[in-house]
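One structure below.
Since the model is a prediction, treat every value here as computed from it, not as a measurement. Naming: A, B, ... by sequence-line order, numbering from 1 per chain.
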Amino acid sequence: MPGFPSQLPVPAADFVLPLLDWYHANRRKLPWRDNPHWYRVWVSEIMLQQTTVKAVVPYFDAFLDRFPDVRTLAAAEEAEVLALWAGLGYYSRARQLLETARIICSAHDGSFPADYRAALALPGIGRYTAGAILSIAFGLPYPVVEGNVSRVFARYLAYADKWDGRAARGLWNLLSTIVSSSAIADRAGDFNQALMELGATVCTPRHPDCRNCPLTLACAARRRSMQHSLPVKRQARSVIVLDCTVALVRQGQKILMRPNQEAPFPKGLWELPRSNDESLALEIGNSLGTVTHGITHHLIRIQVVGASLVGASIPNGYRWIDPQNPGVGLSGYVRKVLGRLQGQQGQQGQKGR
DNA sequence: CATACGTGGGC
DNA sequence: TGCCCAAGTAT
């Protein structure tokens, strides 16, 4: 068992310096990069977890516009934070962001703790995010390991075993040594971002652009033409298909909704009532079509029917929501249904043909 | 260590 | 279409 290498095949400087040069010449201009204050770095890092840069940018701008600093965020209602997060996914991130904002204000004097252990103790902050914030915002020598970094090193080192926890541990150890070395000095933040930027823009999962890679000469995978088959990942789980029927009940511009309580839809986001909801006296009308919505390893086919309320009152928990200005976060499939209704009423066939 | 947690985009 | 992927964390 070879295991994961404990050091680079080249001197650290021969790896670090070309990478930093490449980064300074090729880094993308991103909203959180021109002013790496810890609050902006923190919010961006939470948003970026398992999410693409392209999806995050508009959410980041809107979020910083509404909550420009940690005290403004700490004073916010959770519902408003969730409403600004709706569509980004992984909503526990938003709850924990708010929770941590309050802890920072109450227990850390309004500043992010520039201490690894203290950072790790905050909700929603794990090894990756702690390392990212402390290195990027505070210049401290902590490494980061995430999808991009793992892929870059699996290829650079031609690590052909399955990329599992052991490999990840090995990489954390290797990178800890590198960011502590003299080749890095106080540039751990740039080094970490360079690694991630390289994985995101050059050493991509498919079609890596090896001709434009600053590490190509020493890359073991490229030397053996293995770059397309690394890293070796475990097989994905199969998808579970579910069906359900929901009711669209209108009152003027508003639509009847309730906060979802259980999987597979996100907790706390709002959804349409089920057509068979026993607490609701509904008269079911015509079918309005079907939307398909994927949630992690579920694929849900949602039949939408028009319906009207028998009687005037609605049960506890239900609310009339104006889709134009919901004030709460709407489940993904609800946004799909509403978008489809809008599209039908407005001009037809925007994406026709 | 495996699993839950969301969504949009690429091919 | 179906499957893979994206700057992870908590349990």
In a table with atom names and distances, give each donor-acceptor pair under 3.5 Å that connects a side chain of residues 218-232 of chain A to protein atoms at least two apart or in another chain.
residue: Arg222(A); atom: NE; partner: Thr216(A); partner atom: OG1; Å: 3.2
residue: Ser229(A); atom: OG; partner: Met226(A); partner atom: O; Å: 3.1

Considering only nitrogen or oxygen atoms on both sides, find all protein atoms under 3.5 Å from nucleotides 4-8 of chain B and state each distance.
residue: dA4(B); atom: OP2; partner: Arg237(A); partner atom: NH1; Å: 2.5
residue: dA4(B); atom: OP2; partner: Arg237(A); partner atom: NH2; Å: 2.5
residue: dC5(B); atom: N3; partner: Tyr90(A); partner atom: OH; Å: 3.4
residue: dG6(B); atom: OP1; partner: Tyr91(A); partner atom: N; Å: 2.6
residue: dG6(B); atom: O4'; partner: Tyr90(A); partner atom: N; Å: 3.0
residue: dG6(B); atom: N7; partner: Tyr90(A); partner atom: OH; Å: 3.4
residue: dG6(B); atom: N7; partner: Thr296(A); partner atom: OG1; Å: 3.4
residue: dG6(B); atom: O6; partner: Tyr90(A); partner atom: OH; Å: 2.9
residue: dG6(B); atom: N1; partner: Gln50(A); partner atom: O; Å: 3.1
residue: dG6(B); atom: N2; partner: Gln50(A); partner atom: O; Å: 3.2
residue: dG6(B); atom: N2; partner: Thr51(A); partner atom: OG1; Å: 3.2
residue: dG6(B); atom: N2; partner: Leu88(A); partner atom: O; Å: 3.3
residue: dT7(B); atom: OP1; partner: Tyr91(A); partner atom: OH; Å: 3.0
residue: dT7(B); atom: OP1; partner: Gly332(A); partner atom: N; Å: 3.2
residue: dT7(B); atom: OP2; partner: His293(A); partner atom: NE2; Å: 2.8
residue: dT7(B); atom: O3'; partner: Gly87(A); partner atom: O; Å: 3.4
residue: dG8(B); atom: OP1; partner: Arg335(A); partner atom: NH1; Å: 3.3

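- For the P atom pair drawn from dG6(B) and dT11(C), the interatomic distance equals 14 Å after rounding to whole Å.
- Counting any heavy atom pair closer than 4.0 Å across all strands shown, Thr129(A) reaches sugar-phosphate atoms only and no base atom.
- Within the structure, salt bridge (charged side-chain N to carboxylate O under 4.0 Å, His left out) pairs that include any residue of residues 32-57 of chain A comprise Arg33(A)-Glu197(A), Asp34(A)-Arg40(A) (at least two apart or interchain).
- The 5' end of DNA chain C is approached more closely, in terms of each residue's nearest nucleotide, by Val53(A) than by the other of Gly124(A) and Val53(A).
- Ranking dC1(B), dC4(C), dT9(C) by closeness to the Arg206(A) side chain, first place goes to dC4(C).
- Within the structure, no pair that satisfies the salt bridge (charged side-chain N to carboxylate O under 4.0 Å, His left out) test touches residues 137-158 of chain A, not counting sequence neighbours.
- Contact check, Arg151(A) against dA6(C): a side-chain N or O comes under 4.0 Å of OP1 or OP2.
- Across residues 112-121 of chain A, not one residue has a non-hydrogen atom less than 4.0 Å from an atom of DNA chain C.
- Ring planes of Phe60(A) and Trp32(A): perpendicular class, angle over 60° (limits at 30 and 60°).
- Rounded to whole angstrom, the span from the CH2 atom of Trp163(A) across to the C1' atom of dC5(C) amounts to 17 Å.
- Counting to the nearest Å, the C1' atom of dA10(C) and the CG atom of Leu97(A) are 16 Å from each other.
- DNA chain C lies under 4.0 Å from at least one heavy atom of each of the following residues of residues 15-32 of chain A: Arg28(A), Leu30(A), Trp32(A).
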Criterion side chain to side chain donor-acceptor pair (under 3.5 Å) on Arg274(A) and Ser279(A), from CA distance to verdict: CA-CA 10 Å; Arg274(A) 305 300 165 85; Ser279(A) 68; over 6 Å; no

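- Minimum heavy-atom separation, Pro143(A) to Leu175(A): CB-CB, 3.5 Å.
- Using a 4.0 Å heavy-atom distance criterion, Gln193(A) is classed as making no nucleic acid contact.
- The side-chain contact (heavy atoms from CB on, under 4.5 Å) check on Lys267(A) picks up Arg95(A), with sequence neighbours excluded.
- Applying the side-chain hydrogen bond (donor to acceptor under 3.5 Å, both in side chains) rule to pairs touching residues 60-80 of chain A yields Arg66(A)-Glu80(A), Asp69(A)-Thr72(A), sequence neighbours excluded.
- Judged as a ring pair (Phe, Tyr, Trp, His ring centres under 6.0 Å), and not counting sequence neighbours, Phe191(A) has no contacts.
- Rounded to whole Å, the distance from CG on Leu122(A) to P on dG8(C) is 19 Å.
- Here the P atom of nucleotide dA2(B) and the CZ atom of Arg166(A) are 13 Å apart, to the nearest Å.
- Between the C1' atoms of dA6(C) and dC1(B), the separation comes to 23 Å (whole Å).
- Using a 4.0 Å heavy-atom distance criterion, Arg234(A) is classed as a base contact.
- Distance Tyr128(A) OH to dA6(C) P: 13 Å, rounded to the nearest Å.
- As rounded to whole Å, 14 Å separates atom P of dG8(C) from atom CG of Leu171(A).
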Under 3.5 Å, which donor-acceptor pairs link side chains of residues 3-21 of chain A to any protein atom two or more places apart or in another chain?
none

Run the side-chain donor-acceptor check on residues 298-312 of chain A: report pairs under 3.5 Å with partners two or more places apart or on a different chain.
residue: Arg301(A); atom: NE; partner: Asp243(A); partner atom: OD1; Å: 3.0
residue: Arg301(A); atom: NH2; partner: Asp243(A); partner atom: OD2; Å: 3.3
residue: Gln303(A); atom: OE1; partner: Ser287(A); partner atom: OG; Å: 3.0

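- What separates NZ of Lys54(A) from C1' of dG10(B) is a distance of 10 Å, to the nearest Å.
- Shown here are the ring pair (Phe, Tyr, Trp, His ring centres under 6.0 Å) partners of Tyr90(A), two or more places apart in sequence or in another chain: there are none.
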